[in-house]
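What follows is one structure encoded as structure tokens, with my remarks underneath.
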Amino acid sequence: MEGNTATGSRRHSAPIAEPRARQARRRLDFTHKLTTDLAKSHGLVAIEDLRVRQMTKSAKGTRDLPGTRVAQKSGLNRAVLDNTPGERRRQLAYKCPAYGSVLVLVPPAGTSQTCGACRARDAASRVSRDAFVCTSCGHTDNADHNASVVILDRVPAHRPRTAGHAVHSTQRQPLVGGPSPAPARARVNP
């Protein structure tokens, strides 16, 4: 029989805690790399202004009014929090100004239900997790791509954009006067 229960519980929880900590470090590393790339490569970064705390509230309800589909909501909450939208937003908020890009928060209401072509909003247009088929005009697209088009369309008009690219983009711009010459090879075969 173990004398100290704290030591015993630590010994049993260590094999579980170590992989979870490693997974959290990997998730944070990926988020840093992703946000740095977005801030460096794009002059305008538009994201949904999600209220993560409200989205991930428990559905268990109260004793008098118990919740429905509590397990399903719990799984959804876990998936949302694993995606770390709050951390991505926090990192973009300080990285975008540091790299010369602009972060714009867009209202999220209906972005996944609005057509990117005709701007009609209908919940029935989102036929599956990955597919979007507009009930008004018949436009078909990947659901995530369609939502990104709608998000970009909701960016306020005072943001300068030309031909789909931000004016102050940190991306390398093509030289005027034709294609750039091919880079010289390090070794030339005789």
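In what follows, residues are counted from 1 in the order of the sequence shown.
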**Message:** Measuring from atom OG1 of T111 to atom CG of L152, what distance do you get when rounded to the nearest 0.5 angstrom?
**Reply:** 12.5 Å
**Asked** Has H32 got more than 12 heavy atoms of other residues, nucleotides or ligands less than 6.0 Å from its NE2?
**Response** yes
**Request:** In plain terms, say whether K33 and D29 are close enough for a salt bridge, that is, a side-chain N and a carboxylate O under 4.0 Å apart.
**Result:** yes
**Prompt:** Atom CZ of R90 and atom OG1 of T31: how far apart are they, to the nearest 0.5 Å?
**Reply:** 10.0 Å
**Asked** About how many Å separate OG of S101 and CG of L38, when rounded to the nearest 0.5 Å?
**Response** 8.5 Å
**Prompt:** Tell me, do F30 and R88 make a side-chain contact under 4.5 Å, heavy atoms counted?
**Reply:** yes
**Request:** Report yes if the side chains of D49 and P107 come closer than 4.5 Å at any heavy-atom pair, otherwise no.
**Result:** no
**Fill in**
Rounded to the nearest 0.5 angstrom, the CZ-SG distance for R126 and C134 is 13.5 Å
**Asked** Does T114 reach the main-chain N or O of R121 with its side chain, forming a donor-acceptor pair under 3.5 Å?
**Response** no
**Prompt:** Is V45 reachable from L105 through a run of hydrophobic residues whose side-chain heavy atoms are each under 4.5 Å from the next?
**Reply:** yes
**Request:** Output the distance between atom CZ (F132) and atom CG (N142), rounded to the nearest 0.5 Å.
**Result:** 11.0 Å
**Request:** Would you check if N146 and H139 make a side-chain contact, meaning some heavy-atom pair closer than 4.5 Å?
**Result:** yes
**Asked** Taking the side chain as C-beta and beyond, is there a heavy-atom pair between L103 and K95 under 4.5 Å?
**Response** no
**Asked** Is C115 close to S136 at the side-chain level, that is, under 4.5 Å between some pair of heavy atoms?
**Response** no
**Fill in**
When V150, I151, V106 are each screened for side-chain contact (heavy atoms from CB on, under 4.5 Å) with E48, the one that passes is I151
**Asked** About how many Å separate CG of L92 and OG1 of T36, when rounded to the nearest 0.5 Å?
**Response** 9.0 Å
Would you mind writing out the side-chain donor-acceptor pairs for residues 14-24 within the sub-3.5 Å range, not counting sequence neighbours?
none

